[in-house]
Student: 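Here it is: the structure, laid out below.
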Amino acid sequence: MTEAATTPRTGKRVLLAKPRGYCAGVDRAVQTVEEALKLYGAPIYVRKQIVHNKHVVQTLEAQGAIFVEENEEVPEGATVIFSAHGVAPEVYEQARERSLRAIDATCPLVTKVHQEARRFAAEDYDILLIGHEGHEEVVGTAGEAPAHIQLVDGPDGVDKISVRDPNKVVWLSQTTLSVDETLETVARLKQRLPLLQSPPSDDICYATSNRQHVVKEIAPDCDVVIVVGSRNSSNSVRLVEVALDAGARAGHLVDFAHEIDDAWLADARTVGVTSGASVPDELVQQVLARLAERGFTDVDEITTANERLTFSLPQELKRDMKAAARG
Ligand code: SF4
């Protein structure tokens, strides 16, 4: 029985999920932009949203970051940071051609999937990449070995794939997928390809699975689950789906506290609150404050894991920071 289930259902209460919010990769990416602004001065160009969160992007813009879609929008010789989602090798090449000072804020756990893709492609495997079509991370990973990689966009994508040799096929995945849906996709792939190999270690990252796990714990006790996160944040959108699948009677994604509709709370006694991996906790605190104003003052934090992982800043930035410190 969960801690949530043992709490008497008197009054209005909030079940606050932990872990929630910033993961190690997002923290590192945001710090990379902040440190680069301090070191080189504004403007600093960032290719794509550094992480998929409106508030984070707006805050960094106010500090002097300029977000662009492609390298060609960056003036020659300027500094560009690549986002946490990773980029295809051709993006580094374009940066070199434009003499850009490129800083790579790709999450090391995404880089790990890139390395797997390169390794299996070098061994001439067909690679089935489970992920969402068009998502930046998938575009970046697929760019490592386009001739070897096919995208499988969920269980319904399984029938579309065709492989050269069914004895030499491996699946990899985007880091921010639904754990359960991915297992379903893999099971369907294995029905077609019994010798399908699995990645050497989980591609769905610790932060994604931990956030989904705690939401599954609280959801059955919740009348509504509010997930703080942006619509283009894959892991945030997945949290709403996981909450609903796990028994929450309703689930909503909001960027900011003021987006909470009072109608969602009208008949609710228990509200679950969590946030995606790209969301600073101040936004969650604002949601809690709004809920408290509406009578949800009793907050139980439900913890299913403690996260201690941190990643160091990109080498190229650390090198310049050290040089600057030496004067
Ligand atoms: S969600 Fe996972 S893969 Fe993405 S930045 Fe965070 S730790 Fe890295």
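Atoms within each ligand, like the ligands themselves, are counted from 1 in listed order. One is the number of the first residue; the rest follow in order along the sequence.
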Student: What number of protein N, O or S atoms occur at distances under 2.8 Å from atom 2 (Fe) of ligand 1?
Tutor: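 With waters ignored, the protein N/O/S count below 2.8 Å is 1.
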Student: Which side chain to side chain donor-acceptor pair (under 3.5 Å) pairs, counting each pair once, include a residue from residues 144-157, with sequence neighbours left out?
Tutor: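 Non-adjacent pairs meeting side chain to side chain donor-acceptor pair (under 3.5 Å): His114-Glu144, Arg118-Glu144, Asp124-His148, His132-Asp153.
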Student: Less than 6.0 angstrom from the centroid, inside 45 degrees of the normal: does Arg101 satisfy that with respect to the ring of Tyr40?
Tutor: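 Yes, cation above the ring, under 6.0 Å and within 45°.
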Student: Looking at Glu123 and Arg119, does any basic side-chain N land under 4.0 Å from a carboxylate oxygen?
Tutor: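 Salt bridge flag = yes for Arg119 with Glu123.
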Student: Could you check whether atom CG of Asp267 has more than 12 heavy atoms from other residues, nucleotides or ligands sitting under 6.0 Å from it?
Tutor: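 Counting neighbours around CG of Asp267, 12 or fewer heavy atoms of other residues, nucleotides or ligands fall under 6.0 Å, so no.
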Student: Using modelled atom types and a 3.5 Å cut-off, is there a donor and acceptor pairing between side-chain atoms of Asn210 and backbone atoms of Pro19?
Tutor: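 Absent.
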Student: With a sphere of 6.0 Å drawn around CD of Glu61, does it hold more than 12 non-hydrogen atoms of other residues, nucleotides or ligands?
Tutor: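 Check passes, neighbour count above 12.
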